[in-house]
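Here the structure is laid out as structure tokens; the discussion comes afterwards.
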Amino acid sequence: MEVIQQLIGRLHPLVVHLPIGFIIAALLLQWYDRRNKEWTKIIGILFQWAFIFATIACISGYLLYKGEGYSFDTVKYHLWLGIVTALFSLLMYLRLTAPSKIDFIKRVPVVLFSFSLLFLISFTGHLGGNITHGSDYLIEPLPNSIKSLLGVGPEVYEMPTLEEENWEEAILYTDLVQPILNTRCVSCHNAKKEKGELQLEEENGILKGGEDGLIIEPNDPEKSSLYARLILPLDHEDHMPPKDKDQPSKEELDIIKIWIANGNSFNKSIGEIGLKKESIQAFFPKAKDDTYPNVAVAEISTDTIAVLKKKGFHVERLSEESNFIKISCINKPSFSDKDFDLLSSVKSQVVYLDLGETQITDAIFEKISTLPHLTVLKLDNTGVTGKNIEALEKLEYLKNLNLMGTNFEEAHLPKLKKFKELQIVYLFNTPIKKPDQIDKPKEGELFMDYGGYDLPKIATDSIVY
């Protein structure tokens, strides 16, 4: 009997669309026939069928709620409004086909029933969508700018982090495991929505388990369904979370595994458990990237970027948080000195410029010097010799210079040592002779990378596949 109830319940998403279709069709015909009143009987029959299928939808929806572990608080408004929709469909049917038999019905204007039904199917359907897909399902495809304008996001997930100073004092469950479960699992396994009769919001629910029993086998992650189901193939029917949801990262999976493997304590600190820092390294704040300038510049319009791309440049934002851009001529080998003016509208935003394998000459140095925030410059496999390269000395952020495969002359090498921020210059396959001895540069000292390194042979080098 329970299997039959569950089967009928799972037909709800199919059945629920039938009364909606009948009601919409009837309302449209009613509006079209509002003057002639020729189709009243047909419209009444449509509302009769809407009532029948709305009743079936209510029954199947109730069985779905009972069989799938939803809490009543989650479905109550959707359920009650579904019942009201069925009732109003019946009243509309009686109003159109037999108003004289029920006195109070004939006093209610048909238009009032019509607008009531339109509101009911709209709001009831919206609540049903929220239950199935989440409250943000409708607005999820909207651009982030519009979401922000509406005040509804976007929400950005951030992994839990540990502080360098007191990481050993952090509680493994509270500071790492619980935030991961809250983000990845609790939306379906909470007090309001107990899918599989499982709650993962707090300790008691986790230890109690779900309809299939306990979800943690102490000290054995592989036999613990809480972890084992997370690492199943994405298309496996038992994989959690469902494949259409955001999946936990490898680092998050490792933390859950480590927690279970060490007794799944809810109150022990990382130090008490004896974990090494290497095993939780991913949860420390990432070192700030200071490669590029920490200054604010104006945002480039999408139209400007589109124009540059149309002219053959490869353009990409440095990051979502930055207005700086990278520009490459990988698809524009015909680029020459005179083409530099095409970049005049984005001079302040360019921090990475790749002119490798183009037709530039030494005359380009004076033009490049007008890019105030340039940090990485690639001139490899071009015709530059180094003449007038001192013009780049005014670039206060230039750190990386690639001159490989050029005719760069050794006489210009001392000029590069005057660049105050320059950290590395690549000189492989240039006329400059590689020194016999290359000392490791001191901190803040310019490093000349001559390339051509000989790597020692290892055993696998002789394997023929």
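Because only heavy atoms are used, hydrogens play no part in the values below, and waters and symmetry mates are left out as well, while side chains stay in.
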Pairs satisfying side chain to side chain donor-acceptor pair (under 3.5 Å), at least one member in [range], at least two apart:
| range | value |
| --- | --- |
| residues 202-218 | none |
| residues 394-404 | none |
| residues 162-181 | Glu164-Lys277 |

Just to verify, what does [X] make a salt bridge (Lys or Arg N to Asp or Glu O under 4.0 Å) with, not counting sequence neighbours?
| X | result |
| --- | --- |
| Glu409 | none |
| Asp220 | none |
| Lys367 | none |

Who passes side-chain hydrogen bond (donor to acceptor under 3.5 Å, both in side chains) against [X], sequence neighbours left out?
| X | value |
| --- | --- |
| Asn262 | none |
| Lys415 | Glu390, His412 |
| Ser369 | none |
| Lys418 | none |

Original post:
Would you say Phe115 has more than 12 foreign heavy atoms packed within less than 6.0 Å of its CZ?
Top reply: no
Subject >> CD1 (Ile330) with more than 12 external heavy atoms under 6.0 Å >> reply: no
Original post:
Do Glu197 and His189 pass the side chain to side chain donor-acceptor pair (under 3.5 Å) test, and can you show the C-alpha distance, the side-chain angles, and the key distance before you say yes or no?
Top reply: CA-CA 8 Å; Glu197 300 178 14; His189 301 289; over 6 Å; no
Find the distance between [atom1] ([X]) and [atom2] ([Y]) and round it off to the nearest 0.5 Å.
| X | Y | atom1 | atom2 | value |
| --- | --- | --- | --- | --- |
| Glu357 | Lys378 | CD | NZ | 11.0 Å |
| Thr375 | Gln423 | OG1 | CD | 10.0 Å |
| Ile256 | Leu181 | CD1 | CG | 5.0 Å |
| Leu275 | Leu172 | CG | CG | 6.0 Å |
| Leu232 | Leu230 | CG | CG | 8.5 Å |

Original post:
How about Phe53 and Phe22: are their ring centres within less than 6.0 Å of each other?
Top reply: yes
**OP:** Could you walk me through whether Phe408 and Thr385 pass the side-chain contact (heavy atoms from CB on, under 4.5 Å) test, one step at a time?
**Re:** CA-CA 4 Å; Phe408 192 81; Thr385 65; over 6 Å; no
Original post:
Step by step, would you call Ile325 with Leu318 a side-chain contact (heavy atoms from CB on, under 4.5 Å)?
Top reply: CA-CA 5 Å; Ile325 61 171; Leu318 187 64; over 6 Å; no
Subject >> Side chains of Thr304 and Ser301, donor plus acceptor under 3.5 Å >> reply: yes
Original post:
Without hydrogens or angle criteria, can the side chains of Thr382 and Asp380 be said to hold a donor-acceptor pair below 3.5 Å?
Top reply: no
Original post:
Does the cation-pi check pass for Lys326 over Tyr352, that is, NZ or CZ under 6.0 Å from the six-membered ring centre and within 45° of its axis?
Top reply: yes
Original post:
Can you list the steps and then say if Leu427 with Asp449 is a side-chain contact (heavy atoms from CB on, under 4.5 Å)?
Top reply: CA-CA 6 Å; Leu427 296 168; Asp449 189 337; over 6 Å; no
Original post:
Taking only residues at least two apart or on different chains, which pairs with a member in residues 194-223 satisfy ring-ring contact (aromatic ring centres under 6.0 Å, His included)?
Top reply: none
**OP:** Starting from the C-alpha separation in whole Å, work towards a yes-or-no answer on side chain to side chain donor-acceptor pair (under 3.5 Å) for His314 and Ser328.
**Re:** CA-CA 5 Å; His314 177 77; Ser328 171; over 6 Å; no
**OP:** Might you work through the side-chain contact (heavy atoms from CB on, under 4.5 Å) test for Leu64 and Leu11, ending with a clear yes or no?
**Re:** CA-CA 8 Å; Leu64 181 66; Leu11 287 174; over 6 Å; no
Original post:
Does the distance from a Lys or Arg side-chain N to an Asp or Glu carboxylate O, for Glu393 and Lys420, drop under 4.0 Å?
Top reply: no
Show me, pair by pair, the donor-acceptor contacts under 3.5 angstrom made by side chains of residues 338-348, not counting sequence neighbours?
| residue | atom | partner | partner atom | Å |
| --- | --- | --- | --- | --- |
| Asp339 | OD2 | Ser336 | N | 2.9 |
| Asp339 | OD2 | Ser336 | OG | 3.3 |
| Ser344 | OG | Asp341 | O | 3.0 |

